[in-house]
Amino acid sequence: MTVLVLALIAGAVIGLALGALGGGGSILAVPALIYLLGFTPAAATTASLIIVTATSATALYAHTRDGNVAWKTGALFAAAGIVPAFLAGAVAGSMPEAVLTSAFAVIAALAALRMLRPSTSEPPDRIRPGKAAGAGAGLGAVTGFLGVGGGFLAVPALVSVLGLAMRRAVGTSLLVITVNSLAALAARTGTSSGLHWEIIGPFTGAAILGAWDGKRLATKISGTTLQKIFAGVLLVVAAFMLVDVIV
């Protein structure tokens with residue numbers, strides 16, 4: 001199977017995840033770029049941000065048309081995360097790859113376990129700016145440090161911290177992913193060596209098309225089912241990456 005075909009398949013799967021789940025794209029993109037397409041870890045994290053930024057913006061437009069974006073909450077999250085994403089992105093370049101991979105896997109697993117745990121609290125009656133800004137800043141730092149869009153943390157935060165319904169959290173997380181990814185990319189300016197644009201281009205195109213299908217899939221599956229699928233994907237990928245670091 002040629003590299004181009006692999007790039008198209010991987011891109012379609014990642015776009016499907018982003019469109020349906022509002023996250024998970026970067027979690028799948030980084031391993032795919034490294035293990036299937038031969039990117040170095042540093043180049044893979046930068047390339048994944050390019051792919052996820054373009055795909056998230058496309059999926060955001062689709063969810064906006066259906067009214068599934070809480071703009072006030074999303075804007076507060078995104079604004080709070082811009083500076084942390086930029087600073088963490090600059091720091092990440094000096095960290096050992098094993099440390100970044102391990103941290104990525106642990107955070108993904110914790111987010112998945114939190115989503116699988118049934119909520120026992122009532123959704124808040126109103127948005128609390130301090131709590132939203134704090135969660136947004138933490139999310140931005142993770143995005144910059146690990147080179148991912150952050151949807152795998154944005155969705156559970158929007159659901160459990162701010163009380164958004166799952167479908168609305170999915171749409172809103174795409175706004176946060178797009179802004180945070182752009183900030184993280186800005187911090188990585190000048191570190192684009194090793195990027196193969198002949199692969200990134202088709203990969204991104206397939207991901208964008210997949211995002212439209214993912215968005216349609218999200219309208220046919222209940223919020224609870226989406227949440228379980230999302231958590232399952234996170235646990236599988238986290239386990240794979242931890243095993244890879246240990247072995």
Side-chain angles (χ1 to χ4, degrees), residues 1-63 85 89 92-93 97 100-101 104-105 108 143-144 146-152 154 170 173-218 229-230 233-234 236-238 240-241 244:
M1 190 178 294
T2 67
V3 172
L4 179 58
V5 173
L6 286 173
L8 291 172
I9 293 173
V13 171
I14 287 160
L16 193 69
L18 271 169
L21 305 175
S26 293
I27 296 179
L28 300 174
V30 173
L33 288 165
I34 294 173
Y35 300 116
L36 295 180
L37 301 173
F39 279 58
T40 66
T45 55
T46 302
S48 75
L49 285 171
I50 296 170
I51 294 163
V52 173
T53 298
T55 310
S56 296
T58 302
L60 173 63
Y61 171 74
H63 279 270
E97 293 175 359
L100 293 175
T101 302
F104 176 91
T143 297
L146 299 181
V148 298
F152 64 102
V170 167
S173 74
L174 292 165
L175 170 62
V176 181
I177 292 169
T178 302
V179 174
N180 283 349
S181 296
L182 284 171
L185 275 173
R188 292 166 182 255
T189 301
T191 62
S192 58
S193 60
L195 296 182
H196 302 287
W197 292 99
E198 71 278 8
I199 296 176
I200 294 174
F203 196 121
T204 304
I208 289 173
L209 292 176
W212 284 96
D213 289 333
K215 182 264 175 186
R216 286 194 289 270
L217 178 65
I229 293 172
F230 187 86
V233 170
L234 293 184
V236 170
V237 175
F240 174 82
M241 298 190 80
D244 184 61

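Throughout, numbering of the chain's residues begins at 1 and tracks the sequence.
Every residue meeting the salt bridge (charged side-chain N to carboxylate O under 4.0 Å, His left out) condition with Asp213, not counting sequence neighbours, appears here in chain and number order: Arg216. By the side-chain contact (heavy atoms from CB on, under 4.5 Å) test, Leu209 is found to be paired with no residue, residues two or more places apart in sequence or in another chain being considered. Annotation: side chain to side chain donor-acceptor pair (under 3.5 Å) contacts of Tyr61 (sequence neighbours excluded): none. Looking at residues two or more places apart in sequence or on another chain, you find a side-chain contact (heavy atoms from CB on, under 4.5 Å) between Ala47 and Leu33, Phe39, Leu195, Ile200. Partners of Leu4 under the side-chain contact (heavy atoms from CB on, under 4.5 Å) rule, at least two apart in sequence or in another chain, are Thr2, Leu8, Pro202. Applying the side-chain contact (heavy atoms from CB on, under 4.5 Å) rule to Phe240 yields the partners Tyr35; only residues at least two apart in sequence or on another chain are considered.
Between the side chain of Ser173 and the backbone N or O of Val170 there is at least one donor-acceptor pair closer than 3.5 Å.
Here the straight-line distance linking atom OG of Ser181 with atom CG of Leu174 works out to 10.5 Å at 0.5 Å rounding. Between Ile50 atom CD1 and Phe203 atom CZ the span is 11.5 Å, to the nearest 0.5 Å. Atoms OG1 and CD1, from Thr46 and Ile51 in turn, are 11.0 Å apart once rounded to the nearest 0.5 Å. Summarising the geometry, atom CG belonging to Leu36 is positioned 5.5 Å from atom CG belonging to Leu6; distances are rounded to the nearest 0.5 Å.
Taking all atoms of both residues into account, the shortest heavy-atom contact from Thr55 to Gly15 is CG2-CA, 4.0 Å. The heavy-atom pair separating Leu49 from Thr53 by the smallest distance is O-OG1, 2.6 Å. Heavy-atom minimum distance, Ala183 versus Ala85: CB-CB, 4.0 Å. Contact between Leu37 and Ile199 at its shortest, heavy atoms only, is CD1-CG2, 3.8 Å. Nearest heavy-atom pair across Ala44 and Ile34 is CB-CG1, 3.5 Å.
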